[in-house]
Engineer: 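One structure coming up, written as structure tokens, with questions to follow.
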Amino acid sequence: MWFAYLWIIVSVVVVYILLCGPTDFHRNGIVGRLHWFLTRGCMSSSKRLCLSIFGKRCFKQCQRLEDHCCWKPNPYMQLVYLVLVLGCYVIWWSDGMEHIPGPYAPAYYTPLTHAAVLITLLIFLWCSMSDPGVITSRNVATHKRAFPYDGVMYNPGKECSTCKIERPARSKHCRICDRCVSRFDHHCPWVNNCIGERNVRAFLAFLFSTSLLTAWATYMVVAIVRGVIEESNLMHLGYYDARNRWVPAPPLVMLQYLIHYTGLIIPMAFFCIVISLVLGGFGLYHVFLIARNTTTNETFKWQDMKNMVKREHAMRHAAEKEKEEKEKEGEEDKSKENESGQKQTRTRQTAAKGRRKADSSSSSEPLSSRPLELSDLVNKYHNGIFANLWEALNPRSTRKYK
């Protein structure tokens, strides 16, 4: 029993580190450092170890393998997904079906499970083969009409150096698939496809269908185990000690008995509940992004722009402070000068104050003629929750414009 609890705790902690490590709240703390180690540090340490043990030739081969697996489109993670889903299905077929029907598992659970697995695999196939909104020279005009340039993050006139086409707003060139994608969110290795404007609905269906399938598998295992406990009278299992006193069986003994009697469905349930929670949370996160009409890629871009603006503000503030200190030193040095010199000093002070006042009131100037302010970093594509959700279901680039 303790191993099962430990497995769930470790899985939840690792998933939390991977998902929340890059955020501002954790970036400079222990969670951020653990995220760096799991995503980059562990790989770099392995490379150095491989180089020191096996030499440069083996190291280059490992780099080529990494480049092929991580930075080129390949079906490896798709095969892993199929192995996991079909593997759990085989476990349920061999060890779980014999307990259906049972006291808490009606007979209709069997066809319902077959249908759930089939629907999940069909959605997986749909998401893998769907068009994310690939931009080419033929349809670039359509994608440019779909989203206007906001003048902050996206500006007209920028060309993709690889595709040699003008980048529409909210598009990005995927370095793995080597193509530009409209409203690019991220590249998902589990479906070997980019997630963009036209297939975000398929991606959500993939996440929630897999999450519901694993949740259903966990619920079904719980129903089967409850029936086995009731039929075996397991709650009254125990033994007599040396003093002829009745001692109930420890929970670990009961778990061993259940695993021996039900096979691998209990370990499968522990695996499924973690996967269900992770995918469900990831799906809700993407629903949250859609409700705000933003993407994973844009979320990181907005954060980088905010950090850049804060750094520029700090640099300007430091420069102004240094300038004021120099002016004060100049005033002290020239305090014994004549009235004309004092008047010139006051004039310079007035001009400096006027410049600071102009800087503070520069929010009405166009963005191209003044530094960016935090108030300028507004998502202009946010049209309301319901309009944003409808946009995900009915992509703009698929609509007919007159």
Side-chain angles (χ1 to χ4, degrees), residues 6-52 63 66-67 69-71 150 152-154 170 172-176 183-190 195 207 274-275 277-323 325 359-360 363 367 370-382:
L6 182 63
W7 158 255
I8 294 176
I9 293 173
V10 171
S11 301
V12 171
V13 170
V14 170
V15 170
Y16 182 82
I17 291 173
L18 293 176
L19 293 179
C20 302
T23 60
D24 286 343
F25 185 74
H26 291 300
R27 185 175 297 173
N28 298 322
I30 185 171
V31 177
R33 289 192 288 269
L34 288 174
H35 178 272
W36 176 87
F37 176 77
L38 291 177
T39 55
R40 298 181 184 179
C42 184
M43 180 62 69
S44 61
S45 301
S46 302
K47 287 181 180 179
R48 289 194 297 268
L49 182 63
C50 179
L51 179 62
S52 60
Q63 279 190 321
E66 178 195 357
D67 182 68
C69 293
C70 300
W71 304 110
D150 62 355
V152 180
M153 185 181 295
Y154 303 105
R170 311 192 74 182
K172 185 180 184 298
H173 186 89
C174 178
R175 60 179 297 186
I176 298 177
R183 198 181 177 275
F184 179 85
D185 190 280
H186 70 287
H187 180 89
C188 179
W190 293 101
I195 306 303
L207 290 178
V274 173
I275 297 300
L277 293 175
V278 171
L279 293 182
F282 194 54
L284 292 176
Y285 170 71
H286 274 276
V287 171
F288 170 73
L289 292 180
I290 291 172
R292 297 173 59 195
N293 206 335
T294 187
T295 64
T296 305
N297 176 59
E298 290 174 346
T299 300
F300 288 111
K301 281 187 174 181
W302 282 119
Q303 191 58 53
D304 291 340
M305 292 188 71
K306 288 179 181 178
N307 293 335
M308 180 190 68
V309 170
K310 289 179 181 178
R311 286 195 299 269
E312 291 179 352
H313 279 194
M315 292 173 62
R316 289 202 302 269
H317 180 71
E320 290 177 359
K321 188 175 182 181
E322 183 179 357
K323 186 176 180 180
E325 290 177 355
D359 290 339
S360 63
S363 59
L367 294 178
R370 64 178 176 84
L372 281 175
E373 303 289 340
L374 288 176
S375 58
D376 299 325
L377 304 182
V378 178
N379 181 13
K380 297 181 180 179
Y381 303 108
H382 185 13

Engineer: Taking only residues two or more places apart in sequence or in another chain, which ones pass ring-ring contact (aromatic ring centres under 6.0 Å, His included) with His173?
Structural biologist: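 With sequence neighbours excluded, His173 shows a ring-ring contact (aromatic ring centres under 6.0 Å, His included) to no residue whatsoever.
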Engineer: Looking only at atom types and distance, does a side-chain atom of Asn297 sit under 3.5 Å from a main-chain N or O of Lys172, one as donor and one as acceptor?
Structural biologist: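 Side chain of Asn297 to backbone of Lys172, a donor-acceptor pair under 3.5 Å: no, none is there.
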Engineer: About how many Å separate CG of Leu289 and CG of Leu284, when rounded to the nearest 0.5 Å?
Structural biologist: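 That separation rounds to 11.0 Å.
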Engineer: Could you give the distance from CG (Leu207) to CH2 (Trp190), rounded to the nearest 0.5 Å?
Structural biologist: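 Atom-to-atom, Leu207:CG and Trp190:CH2 are 11.5 Å apart.
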Engineer: How many angstroms lie between OG1 in Thr294 and NZ in Lys301, if you round to the nearest 0.5 Å?
Structural biologist: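 One gets 10.5 Å once the value is rounded to the nearest 0.5 Å.
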Engineer: When rounded to the nearest 0.5 angstrom, what is the spacing between CE in Met308 and NE2 in His313?
Structural biologist: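 Nearest 0.5 Å value for the CE-NE2 distance: 9.5 Å.
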Engineer: Which residues pass the ring-ring contact (aromatic ring centres under 6.0 Å, His included) test with His187, not counting sequence neighbours?
Structural biologist: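 Applying ring-ring contact (aromatic ring centres under 6.0 Å, His included) to His187 gives none.
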Engineer: So, the side chain of Asp376 versus the backbone of Glu373: is there a donor-acceptor pair under 3.5 Å, distance only?
Structural biologist: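 Here the side-chain-to-backbone pair exists.
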Engineer: Which atom pair, heavy atoms only, marks the closest approach of Leu377 to Lys306?
Structural biologist: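 So the minimum-distance heavy-atom pair works out to CD1-CG, 3.5 Å.
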Engineer: Report the relative orientation of the aromatic rings in His186 and His286; use parallel for angles under 30°, tilted for 30 to 60°, perpendicular for over 60°.
Structural biologist: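 His186 vs His286 ring planes: tilted.
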Engineer: What's the spacing between Lys323 NZ and Arg316 CZ if we round to 0.5 Å?
Structural biologist: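 Rounded to the nearest 0.5 Å, the NZ-CZ separation comes out at 13.5 Å.
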Engineer: Between Glu298 and Tyr154, is the side-chain contact (heavy atoms from CB on, under 4.5 Å) condition met? List the steps.
Structural biologist: CA-CA 11 Å; Glu298 290 174 346; Tyr154 303 105; 2.9 Å; yes
Engineer: Without swapping roles, check the side chain of Lys380 against the backbone of Asp150 for a donor-acceptor pair under 3.5 Å.
Structural biologist: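 Yes; at least one donor-acceptor contact below 3.5 Å.
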Engineer: Please indicate whether Tyr285 has more than 12 foreign heavy atoms, meaning atoms of other residues, nucleotides or ligands, lying under 6.0 Å from its OH.
Structural biologist: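 Yes, because the 6.0 Å sphere around OH of Tyr285 holds more than 12 heavy atoms from other groups.
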Engineer: Measure the spacing between CZ of Arg292 and CZ of Phe288 and express it to the nearest 0.5 Å.
Structural biologist: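 Nearest 0.5 Å value for the CZ-CZ distance: 4.0 Å.
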Engineer: Taking Asp185 for the side chain and Ile195 for the main chain, is one N or O donor matched with an acceptor at less than 3.5 Å?
Structural biologist: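 No; zero donor-acceptor contacts below 3.5 Å.
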Engineer: Step by step, work out the side-chain contact (heavy atoms from CB on, under 4.5 Å) result for Val31 and His35.
Structural biologist: CA-CA 6 Å; Val31 177; His35 178 272; 5.6 Å; no
